[in-house]
Protein chains: 2
Amino acid sequence: MSHTYEYPRPALTVDCVVFGFDGAGLKVVLIRRGLEPFKDAWALPGGFVQMEENLEDAARRELREETSLKNVFLEQLQTFGTVGRDPRGRVVSVAYVALVRPDKHPAKGDTDASEAAWFPLSELPPLAFDHDEILRVARERLRGKLRWQPLGFELLPEKFTLGQLQALYEAVLGTSLDKRNFRKKLLPYDFIVPLEQFTSGQHRPARLHRFDRHRYEALSRGGFHFEI
Amino acid sequence: MSHTYEYPRPALTVDCVVFGFDGAGLKVVLIRRGLEPFKDAWALPGGFVQMEENLEDAARRELREETSLKNVFLEQLQTFGTVGRDPRGRVVSVAYVALVRPDKHPAKGDTDASEAAWFPLSELPPLAFDHDEILRVARERLRGKLRWQPLGFELLPEKFTLGQLQALYEAVLGTSLDKRNFRKKLLPYDFIVPLEQFTSGQHRPARLHRFDRHRYEALSRGGFHFEI
DNA sequence: GCAAAAGTGTTTATGTTACACCCATGT
DNA sequence: ACATGGGTGTAACATAAACACTTTTGC
């Protein structure tokens, strides 16, 4: 070990923006902080990176500890390091975006966090630190990515209707889409596979579909181009 | 200050992938390391983040110190934090991408680095640390972004010919493009402004153009969509 | 029978691709 | 005169956008 350890260094945290979709709108997981600073305020789940821990592992650990979520889609977003973003001193945070299916994941607090809950993006409480900013960047990223990558499937149940898929796109993109054109665009790629199962309920049953990840990856390798 | 300082923490660095374009191919700035580890190996310019220094400021400072580059386009790329990526111990690096016009920027070493030089992407030496990986991600990002954003203008002189612009796109995307279709696609947006100046040289003079940043930003705000 | 969501095709407009020749200059 | 890169248009094709009615179910 050379001069690497000779001077003070920032603290390093990870923060996770966990998106979910309930059929109507996008939601995000927040935890109520149990400690100062910002005690009792809502914040993104996250915490300090351990010395021998990869960044993504730290993000997954914090998610597990604070929200009981595991095996979720997780991707690095951006690193936030403005001096003064944390009143405790210099803290640099590597932010991650996670996508989960709320039906599979109840989002209950476990250890550190006294409470964890889903919030609709339209009804957010004030957030601790610069977490509004992190969340804003995360929303932009999600909107940008959804158009070129079929991320939607990380947010929907394994079997879903085309109506649900479209509602998700509409919620993320903030626009309304034409039902026929939406299907015409997606279905020919054949990574959305129709099943012989249908929903039941008050209305006409809708056909269920599943996402064919292998088919999608094969297409991707061929350098295909897909845009909603 | 609470428990923030109670345990050991990773060291934090910034590393910069500086791209330039010389009319023929993409180049990147490397510095020859003067210290262990990887003494005398080539590496990306970068260094430790100071305690009261914003991340981007640290990146700009290191660029200035190691390569004399200033006032360049700079954007955060991704954070690399795999345990073991630095033999000195746990070092997490926030990587940045910079775009510069090589004509304006000679890239001479200044302080820390004994040497700084431009390397064509096709003739790279072995790099220190995980800098190959960082560079790989940077190239991908550049390729991805160039198609939706007119980044090209950061890499070309203020006044440029359409031939130069096309050569740049071809170098970054790794494809060849049709001259007529390329112009037909870009010019109607009117953010490339023809000038009444022409090159001189061995061949027919080419009209010079400039990038109209305001026009581009006005278009962007209108949510326009541009793709090569 | 009515309310509510599912499902389905065609036409028109727009954008993309492919393609070949003449022009201006320096040597 | 020739070598070199600059500059220009059109037709075929593919993709995107606009648009309305019928079906099935639960109540």
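Here is how names work: the chains are called A, B, and so on, in the same order as the sequence lines, proteins then strands, and each is numbered from 1. Worth knowing before you read on, the calculation uses all heavy atoms, side chains too, and leaves out hydrogens, waters and symmetry mates.
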Quick one: B:L186 CG to C:dG15 P, roughly how many Å, whole number?
14 Å
With a 4.0 Å heavy-atom cut-off, tell me which residues in residues 188-197 of chain A come close to DNA chain C, sorted by residue number.
none
Nearest-Å distance, CG (A:N181) to C1' (D:dC19)?
9 Å
Numerically ordered, the residues 201-208 of chain A set in heavy-atom contact under 4.0 Å with DNA chain C is A:H203, A:R204, A:P205, A:A206, A:R207
Centre-to-centre under 6.0 Å for B:F224 and B:Y189, is that the case here?
yes
Between the side chains of A:R213 and A:E154, is the shortest nitrogen-to-carboxylate-oxygen separation below 4.0 Å, so that they form an ion pair?
yes
Which atom names give the shortest non-hydrogen contact between A:V49 and A:T13, and what distance separates them?
CG2-C, 3.9 Å
Donor-acceptor pair under 3.5 Å: do we get one between B:K184's side chain and the base of D:dT10?
yes
Identify the two heavy atoms, one from A:P157 and one from A:R101, that lie closest to each other, and give their separation to 0.1 Å.
CA-CD, 3.7 Å
Less than 6.0 Å separating the ring centroids of B:Y216 and B:F153?
no
If a stem is a run of at least 3 consecutive Watson-Crick or G-U pairs, both distances under 3.5 Å, which stems include DNA chain C?
C:1-27 with D:1-27
Just wondering, do B:L186 and B:L162 contact through their side chains at under 4.5 Å, heavy atoms?
no
Please tell me if B:R183 has a side-chain N or O lying less than 4.0 Å from either OP1 or OP2 of D:dG7.
yes
So, does B:D130 use its side chain to make a donor-acceptor pair with the main chain of B:E133 at under 3.5 Å?
no
Could you tell me whether a side-chain N or O of B:Q78 sits under 3.5 Å from a main-chain N or O of A:Q76, the two making a donor and an acceptor?
no
Could you tell me whether a side-chain N or O of B:H203 sits under 3.5 Å from a main-chain N or O of B:G201, the two making a donor and an acceptor?
no
If only side-chain N and O atoms of A:K185 are considered, is one of them under 4.0 Å from the OP1 or OP2 phosphate oxygen of D:dT15?
no
Going through the distances and angles, do A:V29 and A:W118 end up as a side chain to side chain contact (heavy atoms under 4.5 Å, CB included)?
CA-CA 5 Å; A:V29 174; A:W118 287 102; 3.5 Å; yes
